[in-house]
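Everything below concerns the one structure shown next.
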Amino acid sequence: MGVSAAEAGMLKLKTISTRSKQIESALVANSGEILQPFLLGCDTRNMKNVQLSLTSIQRLITHEAVSANAACNVINMLWNLMESGTEDLKVLQTAVVVLTTNTVVRGPMLAKAIVICFRLHYSKDNTTSNTASAVVQQVVTMVFERVMAEDEANADGSESNHSAAVKDYGKGDKEAPKTLRPCATDAYLLFQDLCSLVNGDQPYWLKGMTGISRTFGIELIEAILNAFPPVFLRHSEFSFQLKERVCPLLIKLFSPSLKHRQGLGMPVSNLSPEKPSFPLSLRLLRVVSVLINKYYALLITECEIFLSLLVKFTEGDKPHWQRVQALEVLMKLCHQPKLLRCFCASYDMKPHSTKIFGNIINALGAFIQSLFVNPAGDKQSGLAVLPLPGVVPSHTLGSRILPHWDLVLPYHFLVRRCPRIPQEVPPLVIVQGPSQWLLQSPIPHSSIRAPGYHWYQLNASHPSKTAFLELLDKGEPPPVPDGYGMSVALCALLDAVKGVSTVVTYEMDTEEKLWKARPDVGSLRQAVKMKMVDKERAKNDEDKDIDEQEDQEEDGKMSFPRGHHLYAMWTTLVESSWCGVMSALSLLLEACTDEAATESILKSLELYASLCGKLDQTVSRDAFVTSLCRSALPAHYALTVLNIATPQSTSNAKGHKRQASKDSLLQGGGSNDGSNGDLGDGRNQVVAVGTPLSTLHGTVQGPVMLTAKNIQCMRSILSLSCLHGSVLGSAWHQILTTLQHLVWILGLKPVSGGTLKVGHTADAPNTVITTAVMAELPILTSMLSRLFESSQYLDEVALHHMIDALCKLSSEAMEIAYSNKEPSLFPVAKLLESGLVNLPRMESWWRPVTAHLLEVCQHSHVKLREWSAEAVTDLITSSVEYKHEPPLHHNLKLQAILLGPLQELSSIPHADIRQKQLECVHQLLSSSGDCLVHGWPLVLGVIGAVTQDQGENLIRASFQSLQLVVTDFLPIMPCYCLQISVETAARFGLQKEELNISLTAVGLLWNISDYLYQNRDTIRESLEQDSKNIEIQTGSEKPVPPFDALWLTLYSRLADLCVDSRPAVRKSAGQTLFSTISVHGFVPLTGQSQEFFWCGCPRERDATAGGNILIHHSRDTTEKQWAETKVLTLAGVARVFNTWRHALMPLAHRVLGSQSSKEVSLNALKSFQDVLQLKPPKKLNLVKQVSSASSSSEKQTDDTALSDDLIIPADEAMSRSENVVAAPEKETSERTSVSDSTDLDNDVADRIDSDVLWSNAWRVWYGIGIASTKPPLERTANLPSQAFLTALVKIFPLLFKHIRLRFVSSDLQKFFLVLQNAVSVPVQADMSVFILPSAGETNSHRCKRQYCIPLKYYKG
């Protein structure tokens, strides 16, 4: 039969090849006949025939020359061979070929072929079993690949009807929905039967199968789900399979391992749990991982259950291998930021849902903490780890724990392995401080360093593959390597931190850009805050029906509810995870000994601190900052700095302990305060030893030791502050406090500009720095400088937070200094450095910074005071030199703000502060004097504020600035400041410390007067304009014109100096005064100003001579020195009167009077004689006066007179009364009133002035004669000398030339009375008091003075 079939087949092939043009189609059509001999050959069960037949069938199938019916015959033949156990491998090979070459095998025959592969999988032959296993996986994959190809071929066609599919599902029928295409139907039924077989049910489509191992079935399901998500996502029928079959199946298979959790009211410890199967648990977790990663959108509710199971599997009562498996799954999930975001949005943000994301983070942290805290630890490996300080156990926090970026390098953790665990371990606690969470342990450091413990190295790296989830070939759990679980948990935690940061940062930046494009609103955060406040108010008012349409207002590309929802989600992400992240990472940071690992953990802490700050989560932000700060300082030292009360150890109750030497501390790494690690801990090796900085809460006793990890944490704090300073807020105080202590311990000292540098050994004799850290100190100082330089990029709120923190530190330093402890200069120096880089916006910080620095300037501590003064002066100098917009000389308000602190320094009595102030003034004048347009009053006030009791050095320094002002800046100074300059210069003239300065100050007054005269028109105009503005504002008028007042101030200050107690100053001032008047005169003074001037003329004062100078014996007494001053003054007055007699004419009676000193009296007469020897006067631009009688008076001439046009007076025209000035003034006034319209020559005015002048001269001569020759009442009185009387008599001829025409009989009688008294004075100047001689004795005692009487002038 086989031979005939073969011959028929050969004949058929010859016929097809000769007659058919389409050989392939003809072969397919006749494939049944062609295959018939091969099928019969397989039925013979002969090994050789079977092999030849199967090989031939495979070739036909490979060339696609088999029809569907023929393929069915082939599958039936393979079924028979499978049942007979003939050529199993060839059968599997043929099945693969027939199924994968094309799609002719479908429906039940496809199922039969798959069943063949499944049954061969359970063959007793390992080769056949393994081959069949691979074939099954290949065939199952092929079935779903057909679906993918079918969907692509029908991409434009209609999809399956979901409603119909749902209807079919509701029937509970195992048939495929009618809406599926053929290939999709096969895949649907295959997947359905796989789930049924795993669940222990009979298959519907895979007929002939009685069962399947669960592990293999779950592997197939995982492979399908992992490779073909589009099929399940595109077809609702497959999606329904996930929900209705896969998820319940997984939950059911997880149940055995959870039965012991379903309590019956009994404690968990009393239940006998079923031991979980390692292979099954492994495969179930792989499926769960695939479902969550790729089908989360379809299975939100189911994923909540799976995630909760994963969290439970990490708990300590589970086998360690199962905990590690769950951690590997969680690590895969945490590696996807979008998935974490979905967890938070779907669960944590729902009001009545499980906080899945928070639980995941807390579970990771709890696992890490359990390795350190839980004494039971790892029961399988016998690992037990003692608690470390700063750790919060999971049983005290529930599931709360602590985050950073990628951990890609291997790192090490030091964990203690011990033979036994202490019986009682005090629980760790979490303490909530002010605005921060502070973690602490009641166990002191020494308790975890007891003998008998040793370190073991825990290797960890970011694994590319999950080790335990890949152990599909293991039937029993292998031992978990030491540290592997912690490594996986840490990697998952770091991935979660990175994911949260990615989500929040990216979305926040995107939303902020959109909100910045809206001109009507501010930042997104501000808008969301306002909206949240509104909603809270509405809630409080029980107005829950808020207009949804108003909430959904769209603006541009984004609506407000979207921004509000995003902000709430970001906040929830951080709030749900921060506690777990912080507690775990803080613990790991303390235990970590590798630099790369420490860096990753530090970056995670930095990152979460910044996220909390961006979202205004102040408590969590401060907690992360506190964790970083505590890690940067030695443990017990940090507790003192942070003001944390910690229980005292009872092991050293008496407090007796020997302090180790510095060398032993550096070499051994030991610490008497428990702040450093053991000898084997390289990262805890001491690298620096310094002295503790005193605090308000106490001072640590003994040296303070820093490790390499402390330095690394310091760099992390600097990085956080520099990159995220805008969101630190009140945490600036904690950060700057830590940096201040680290700077102090390292011996860094502030230098010019506020920067830091390594101090000299003499400055810090107790500081010991290793070579490695010494090389790193310049980097740290540079980072510190960059930190405060970056403050220029902070917003004003953040800048004020930083400045407020520095001011608080400075205030604390002041309090410490009051208790006689050395304070830190760090805050003052950094206030200076911060101010220098923020000059463009000085208006926002100037007042608080300078006010605080001025307060520090008053402190009694010298260094603190000096640095504060330097900070103030440097800020003032730099701010004035800064190029402002608009320029500083146009901004009066800004100048007053900047120079105000400089003026306030004048109220501080310390000499060093005043010295800094004056140096600042001099520097300002030298560099920016041309900008001080409106600031000159303040500058001059500072210069003139130096008092006599402040020392010669301050006076000299201040006077140098004044010299610079007068020399270079009078032309650019506002005119209203000139008077201040005069008064300031006069103050220096009056000071008694330095004579040379007083004399030079007098010279400065001369320079000022010269400047006033040369620029009189410009100054007068400017002052008048300013005066008008003042009058308009105040409504009052000044009695003296402003320009006259300026001159009067100058003359008055010179007059004060003329009566100084020092002769040299008096002489110099007198010469300057009269020289000034002579040169510049009374041009500006008219009317009432003249009276004011005369009131300021020099008057004698009771004073003693000052200055240690050599004096001639003729001037060795105060009286002689004052006599010389008076002589010079009289000479000056005479010279001035002679030059400006028209201006002084109404005041002439005040010029000369009786003097008590002989020398002064004689010189007074000489001065009077000089006055009478008149020269042609300087004429003033006065109002012309005219007399009504001048036009008809006779003109008299005389060769000896200086003016011949005098009016002939009547007999009594020459006034006899004391008010000789009043009459002429009144007469002049009357003349003026009647001659307003009359134009007179200047000569007439001169004659009128001369008349009044000589009348006053006669009165003065007569008064001097009567007063000096009157007999004295006391015998000790001084008598006039012969020279004085002779000079008095010789003056009259000069006077008589000008008054002879008005000299009447009464005047002659007065003249003779004076002569009679003069000749009666005894000849000898040293005679005693005389008695007037009789008439007979008079002729015998005549002398030369008696013959000087000019009788020739008294004709008839």
Side-chain angles (χ1 to χ4, degrees), residues 140 144 162 165-166 168-174 176-177 187-201 203-204 212-259 261-262 276-277 279-313 322 325-326 329-330 332-333 336 339 342-343 345-347 350 353-354 356-357 359-360 469:
V140 170
F144 279 86
H162 178 70
V166 173
D168 291 340
Y169 302 155
K171 295 177 181 179
D173 195 352
K174 293 185 178 181
Y188 176 85
L189 294 174
L190 173 61
F191 189 78
Q192 174 183 268
D193 281 0
L194 287 175
C195 294
S196 298
L197 289 170
V198 173
N199 195 32
D201 299 331
Y204 168 77
I212 188 176
S213 66
R214 285 183 173 177
T215 55
F216 186 59
I218 295 174
E219 285 183 21
L220 293 177
I221 292 174
E222 180 209 347
I224 294 171
L225 295 175
N226 190 39
F228 303 101
V231 175
F232 291 88
L233 297 176
R234 183 180 293 125
H235 298 279
S236 60
E237 297 85 355
F238 285 85
S239 303
F240 192 78
Q241 287 274 18
L242 291 178
K243 293 184 178 182
E244 293 297 320
R245 295 189 182 275
V246 177
C247 292
L249 174 63
L250 295 176
I251 296 174
K252 175 183 177 181
L253 295 178
F254 272 126
S255 334
S257 62
L258 298 178
K259 286 180 181 178
R261 301 292 297 178
Q262 301 171 359
S277 170
L280 181 61
S281 176
L282 170 63
R283 287 160 176 80
L284 290 175
L285 289 176
R286 287 172 65 93
V287 176
V288 168
S289 176
V290 173
L291 288 177
I292 297 175
N293 275 285
K294 299 187 177 182
Y295 301 96
Y296 174 79
L298 296 177
L299 307 172
I300 296 178
T301 303
E302 292 78 5
C303 287
E304 181 180 0
I305 300 174
F306 296 144
L307 291 170
S308 299
L309 290 175
L310 289 174
V311 171
K312 291 182 181 296
F313 287 160
Q322 190 175 29
Q325 287 179 345
V329 176
L330 291 177
K332 286 186 176 182
L333 301 180
Q336 303 184 50
L339 201 56
C342 292
F343 292 164
S346 301
Y347 308 126
K350 303 298 181 181
S353 179
T354 306
I356 294 296
F357 175 68
N359 290 342
I360 291 175
L469 289 180

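FYI, side chains are in, hydrogens and waters are out, and symmetry mates aren't considered; it's all heavy atoms of this structure.
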Legend entry - Shortest non-hydrogen contact from L242 toward P248: O-CD, 4.4 Å

Legend entry - Distance (rounded to the nearest 0.5 Å) between I360 CD1 and L307 CG: 5.0 Å

Inset, instruction - Give the minimum heavy-atom separation between C247 and L299, together with the two atoms involved. - result: SG-CD1, 3.9 Å

Legend entry - Positive for side-chain contact (heavy atoms from CB on, under 4.5 Å) with I218, one of L194, L280, I212, L249: L280

Legend entry - Gap between atom CD of Q192 and atom CG of L190 - 0.5 Å precision: 10.0 Å

Legend entry - Flag side-chain contact, heavy atom, 4.5 Å: F306 against L284: no

Legend entry - Candidate pair F238 and L233, rule side-chain contact (heavy atoms from CB on, under 4.5 Å), full reasoning: CA-CA 8 Å; F238 285 85; L233 297 176; over 6 Å; no

Legend entry - Sub-6.0 Å ring centroid separation between F240 and Y188: no

Inset, instruction - Calculate, to the nearest 0.5 Å, the distance between atoms SG and CD belonging to C195 and E244 respectively. - result: 11.5 Å

Inset, instruction - Any chance you could measure L250, atom CG, to I221, atom CD1, to the nearest 0.5 Å? - result: 7.5 Å

Inset, instruction - Would you name the heavy atoms of S353 and S346 that are closest together and state the gap between them? - result: OG-O, 4.3 Å

Inset, instruction - Report yes if the side chains of K294 and L225 come closer than 4.5 Å at any heavy-atom pair, otherwise no. - result: no

Inset, instruction - Could you verify whether a donor N or O on one side chain and an acceptor N or O on the other, from E304 and Y347, lie under 3.5 Å apart? - result: no

Legend entry - Beyond-backbone contact of L253 with R214, side-chain heavy atoms, under 4.5 angstrom: yes

Legend entry - Any side-chain heavy-atom pair of L339 and F343 under 4.5 Å: yes

Legend entry - Donor-acceptor under 3.5 Å (R245 side chain, S196 main chain): no

Legend entry - Sub-4.5 Å side-chain heavy-atom contact between S308 and I356: yes

Inset, instruction - Write down the atom of V290, the atom of Y295, and the distance for their closest heavy-atom approach. - result: O-CD1, 3.8 Å

Legend entry - Minimum heavy-atom distance L197-P203, with the two atoms named: CD2-CD, 3.7 Å

Legend entry - Sub-6.0 Å ring centroid separation between F191 and F232: yes

Inset, instruction - With rounding to the nearest 0.5 Å, note down the distance linking CG in L469 to OG in S281. - result: 9.0 Å

Inset, instruction - With rounding to the nearest 0.5 Å, note down the distance linking CG in N226 to CD in E219. - result: 12.5 Å

Legend entry - pair E302-K243: side-chain heavy atoms closer than 4.5 Å: yes

Inset, instruction - State, yes or no, whether a side-chain contact exists between L310 and L333 at a heavy-atom distance under 4.5 Å. - result: yes

Legend entry - Least distance between heavy atoms, F313 atom then A326 atom: CB-CB, 3.6 Å

Legend entry - Flag, side chain of R286 to backbone of L282, donor-acceptor distance under 3.5 Å: no

